[in-house]
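I have placed the structure first, in the form of structure tokens, so that the comments after it can refer back to it.
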Amino acid sequence: MKYVSTRGSAPALDFEGVTLAGLASDGGLYVPEEWPSFSADEIRAMRGLPYAELATRVMLPFVEGSLSEEELRGLCEQAYGRFAHAAVTPLKQFDEQQWLLELFHGPTLAFKDVALQLLGLLFETFLARSDDHLTIVGATSGDTGSAAIDAVAGRERIDIFMLHPEGRISDVQRRQMTTVLAPNVYNIAIDGSFDDAQASVKRMFNDPEMTGRFHIGAVNSINWARLMAQVVYYFAAGLQLGAPDREVAFSVPTGNFGDVFAGYVASKMGLPVAKLVVATNVNDILHRALSDGDYSAGEVTATAAPSMDIQVSSNFERLLFDCGGRDGKALAEQMRGFEASKAMRLTNAQREGAAHLFTSARCDADEMARAMRWAYEQCGEVIDPHTAIGLHAARELSLDPSIPVVTLATAHPAKFRDAVERATGVRPPLPARVGDLFSREERFDSLSGDYDAIAAYVAEKATPTN
Ligand SMILES: *Cc1c(COP(=O)(O)O)cnc(C)c1O
């Protein structure tokens, strides 16, 4: 399988190449040259498979040329063997139409584990082949950092430097990162906001002093391999509810548009997806873009669903590329305009292309709390604030009542227990696998937000590329 950039000028790469590259060299994102697809019979034959086997079948076309089926199966068994639930992503019922897909049974309690556990193994496999070393540099507002650290801790050919804004993430989120004491893990608390930390990371990717000495890699959802791994659970849920002989809709708590884009890929591959609901909090750039074509960034408002507090959704570019006729040159132009003015209009082709499958809703703090209460009082399910936004959208939009709607549960409620307790009166306990989090030793360094200080820190500790 070959991958092309959404901005049309970076070289096409194979799966191994896009996994190690992250962002394309022209600033675009990699997408498969064409969508692989399964027939209804092939999808029917996936019913009842264990998750790791389903993952192997769904992902095989994407890794072709870089991994054999046996290699891929081995990696899937290893990655998903670490989940605390035998079904990996179990499906639960709310009522006759509403369902819940639990994606938080991985080691760090958020759906990001599903992709990052596999990505860590893919990095290790490909780096061993080229006898190279990878320096991962990232900024986190919470969930990505802990999932990425867990996925690469102790791996020989990888160092990870994770920046977080000091005092602005929850205690659970911080401790999930800082109590990992493996020698290749560097936690850095920055005196500044998440945006400041993110700006330093972006600068490092464009700093020839750093990129000349180190092979710097990305773990955020611009990395294609992450999206690919997320396609699998759309198939898992669809098959449970009768696919390919019955349509299913999904409601997805959305920030960077990675998770819901994976649903779009599943539909391209032949899964009968009736609708994809993009659920946002008050940071609603995607809701505005999908409902009236206005993609313009405002100020970020802090909410109880911090992983969705985002104003620019990187992966949206992948949808605009695919719906807008795959014209990389035109999209590069459009994105340059957006980067300069922080605003753009979607073209008619982009709007019409997206409207076939996508719908959207915005959810405020009261609506989020009401959805948490409904789930608890009517169905006995304690859900987290991000999931509640998805559930609110799923119930609020008038979707066809004959089609089941699956809300993606993106985080374990214990990860955001203060907000859950405020809405429901219930304080969800931490699951046993992270139960001693508050008695473990923490280790991190504090730096000012100054770029030179951060670059000097990384340069001193990281292993150069060969
Ligand atoms: C990352 C995250 C999201 C947003 O997912 P995207 O792929 O960025 O749209 C939603 N909920 C939780 C809990 C997350 O960690």
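By convention here, the first residue in the shown sequence is residue 1. For ligands, and for the atoms within them, numbers begin at 1 and follow the listed sequence. Please read all numbers here as calculations on a predicted model, not as lab measurements.
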Check whether any side-chain heavy atom of M59 sits under 4.5 Å from a side-chain heavy atom of V231, and report yes or no.
-> no
Would you indicate whether the side-chain heavy atoms of P61 and F38 approach each other to under 4.5 Å?
-> yes
Aromatic contact, F358 with F257 (centres under 6.0 Å) = yes
Tell me whether the centres of the aromatic rings in W224 and F15 are closer together than 6.0 Å.
-> no
Qualifying salt bridge (charged side-chain N to carboxylate O under 4.0 Å, His left out) pairs, either residue in residues 135-148, two or more places apart | D143-K415
Filter the ligand 1-protein atom pairs down to N or O on both sides and distance under 3.5 Å, then list them.
unit_1   : atom_1 : unit_2 : atom_2 : d
ligand 1 : 7 (O)  : G258   : N      : 3.3
ligand 1 : 7 (O)  : D259   : N      : 2.9
ligand 1 : 8 (O)  : N256   : N      : 2.7
ligand 1 : 9 (O)  : G255   : N      : 2.8
ligand 1 : 9 (O)  : N256   : N      : 3.2
ligand 1 : 9 (O)  : F257   : N      : 3.0
ligand 1 : 11 (N) : T410   : OG1    : 2.9
ligand 1 : 15 (O) : K112   : NZ     : 2.5
ligand 1 : 15 (O) : D143   : OD2    : 2.6
ligand 1 : 15 (O) : S307   : OG     : 3.4

Should R7 and E339 count as an ion pair when the cut-off is N to O under 4.0 Å?
-> yes
